[in-house]
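I have placed the structure first, in the form of structure tokens, so that the comments after it can refer back to it.
Numbers restart at 1 for each chain; the letters A, B, ... are given by sequence-line order, proteins then strands.
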Amino acid sequence: MKRYVAIYRQLLKLNLASLLTYRVNFFNNVIASIGWGAMSLYTVIMLTARVTDAYGWQRGELLLFNGIYGVIVGIFHMFISINMGRLSKVIHMGELDGILVKPIDSQFAVSLWVVNFATIFRILMALGYTIWIAGQLHLVVTFPQLLLFIFLAFAALMLLYSLWFLVLTNLIWFSNMTNLVLFMYSFESMARFPKEMLQQLASFLFVFVMPLALVINTPSRALLAKLDYKDVLIVFVLAAGLWAASRWYWRFALRHYTSASS
Amino acid sequence: MKRLLTIFSLYSQHALEYKARSFVWFFVILIDVVVYLLYWRGVLNDPSGNQIWSFSEAVSYYLLLLVAGSFLQVHIEEEVAFEDIQYGRLSQYLLRPFSYTKFKFFQELPWRIIQGGFGVLTLLGISVFIRAPELITDIRLVPLVIAIVISAYLLCFFYKMIVGLIAFWTIDFSGFQNIQTIIFILFSGILVPLHLLPDSIRSFSLFQPIAYMLYYPVRASQGALGASELWQVLGMQWVWLVLFLGLYRFMWHKGLRQFTAVGQ
């Protein structure tokens with residue numbers, strides 16, 4: 001464990017060095033990151049411009065919901081989703097061999113190698129917006145509520161990561177489907193909306209979407225003191241279960257990986 | 001022309017071989033459509049929501065958007081930027097006796113047709129089993145609508161090629177790609193129909209070129225535009241197309257001067 005912490009610290013330093021070397025790239029990524037965050041909020045503002053509520057959520061609560069989405073998904077994009085995009089290119093271009101021969105866990109190497117520091121600005125923007133909206137709603141958050149929110153947010157990140165990794169592991173067999181990454185971005189964006197809306201889907205579809213429905217819903221409800229403790233249990237069980245499944249599936253996929261003489 | 005048709009034929013085989021990739025692209029737009037329809041379904045149950053538009057209008061708009069997004073939304077910029085320019089494969093195209101632009105056009109077209117096919121099949125299925133969308137009823141305007149759809153495709157193609165050519169001047173294209181994706185989603189009518197936007201941004205949104213790639217073809221297909229409006233849309237599409245063509249040629253010539261490929 002200590003070894004991986006030391007490796008990750010070194011990776012952070014290398015990513016920071018890369019960021020300072022290619023400053024224009026960093027600037028572009030900051031604009032893009034802030035743009036995605038702003039677009040997410042703009043979506044809800046536009047969709048709720050002429051209505052007062054939707055699916056039992058008041059307009060203010062929906063805006064808070066999206067602020068929390070911006071924070072949690074922002075953290076995910078900073079540490080994980082950039083690596084998922086890299087994974088699709090690495091497999092497609094036959095560069096996975098270079099990662100597999102390294103004396104570290106391959107799932108760690110493909111999942112945590114790159115850090116997108118530009119996303120910090122999106123996270124800060126979403127955090128500021130969330131705190132402002134919470135103030136507008138006169139929301140009083142106790143310390144236990146905040147603690148529960150942080151635990152649930154961490155579980156939500158694990159759940160999101162596991163879902164992404166389970167889907168993208170299929171690239172080992174279908175290396176040409178690099179657009180699966182875009183599909184996952186689109187799929188993940190469904191988490192911006194309340195669970196009650198997604199429950200409108202037919203049951204056989206909702207089964208696939210349900211983990212996503214809980215990712216932002218459950219931490220948001222913790223802050224709004226509207227928590228259903230059944231959902232808390234489901235989030236933690238799903239996070240642990242899907243992480244274990246993603247790990248097993250990756251190892252299973254690597255047994256079928258054929259190199260392209262890279 | 002025969003050479004270009006051969007290219008089209010070869011890439012049709014390629015696209016048919018990788019049908020799953022087309023299906024994933026189709027799924028990307030399908031998710032957006034389903035999510036927004038679910039949202040409007042809940043909102044328009046509220047009596048105050050009906051003043052915006054009706055649910056049947058929403059279904060019609062988003063179903064046609066599904067088809068339009070599948071067929072008209074070109075995805076060539078990633079290949080141009082990453083594989084051709086940044087990985088240096090452009091040099092192979094430069095040595096061939098074909099125009100790079102025409103090559104890319106006929107390379108992309110089969111993918112659009114296949115994904116458009118998925119969209120049409122989904123539309124037919126939903127029309128038969130659930131609800132048919134509102135379509136244009138005046139037969140005399142149909143050729144004009146077809147012309148608008150074709151012009152929208154050309155406009156989107158050159159827009160995405162211009163975006164891809166930005167890679168001549170950047171090391172990391174992904175930042176620009178994200179920015180253009182955001183701009184496209186905001187101004188194409190995928191999020192909210194542009195005529196429902198607040199007054200402060202509606203005029204600009206309806207004028208800018210991205211609206212002519214998806215939003216106006218959908219509205220034209222719905223029969224929401226009269227004959228004079230359709231001619232205006234077609235005219236504006238060609239104005240933007242001429243501007244894009246000029247910009248594309250300028251960027252192509254400038255970019256080629258500094259392009260280098262190693263070991264290709």
Taking the six-membered ring of B:F184, is NZ or CZ of B:K160 closer than 6.0 Å to its centre and within 45° of its axis? yes
Using a 4.5 angstrom heavy-atom cutoff, name the option from B:I31, B:I182, B:N178 with the most pairs to chain A. B:I182
Please rank B:I183, B:T181, B:I179 by heavy-atom pairs under 4.5 Å with chain A and give me the top one. B:I179
Option in A:L182, A:L180, A:N29, A:N179 with maximal non-hydrogen atom pairs under 4.5 Å from chain B: A:N179
Chain B contact via A:F183 - side chain, backbone, both or neither, heavy atoms under 4.5 Å: both
Option that, when pairs with chain B are counted at under 4.5 Å, heavy atom only, ranks first among A:G85, A:S186, A:G35: A:S186
For B:V192, is it the side chain, the backbone, both or neither that has a heavy atom under 4.5 Å from a heavy atom of chain A? side chain
So which of A:M197, A:M177, A:M184 has the biggest tally of heavy-atom pairs under 4.5 Å with chain B? A:M197
Ion pair check, A:E61 and A:K226, cut-off under 4.0 Å: yes
Proximity breakdown for B:F173 and chain A, heavy-atom pairs closer than 4.5 Å: neither
Evaluate the side-chain proximity of B:Q222 to B:R219: yes if any heavy-atom separation is below 4.5 Å, no if none is. yes
Do B:L256 and B:L90 come close enough that some side-chain heavy atom pair is under 4.5 Å? yes
Honestly, the part of B:I201 sitting under 4.5 Å from a heavy atom of chain A is side chain
Between B:I185 and A:W36, is there a side-chain heavy-atom distance shorter than 4.5 Å? yes
Contact winner vs chain A - B:D32, B:V34, B:V35, heavy-atom pairs under 4.5 Å: B:V35
Please state whether the side chain, the backbone, both or neither of A:T178 comes within less than 4.5 Å of a heavy atom of chain B. both
Is any side-chain heavy atom of B:Y62 closer than 4.5 Å to one of B:P193? yes
Ion pair check, B:E83 and B:K104, cut-off under 4.0 Å: no
In terms of ring plane angle, is the pair B:H14 and B:Y11 parallel, tilted or perpendicular, where the classes change at 30° and 60°? perpendicular
Measuring heavy-atom distances to chain A, does B:I29 have an atom under 4.5 Å in its side chain, in its backbone, in both, or in neither? neither
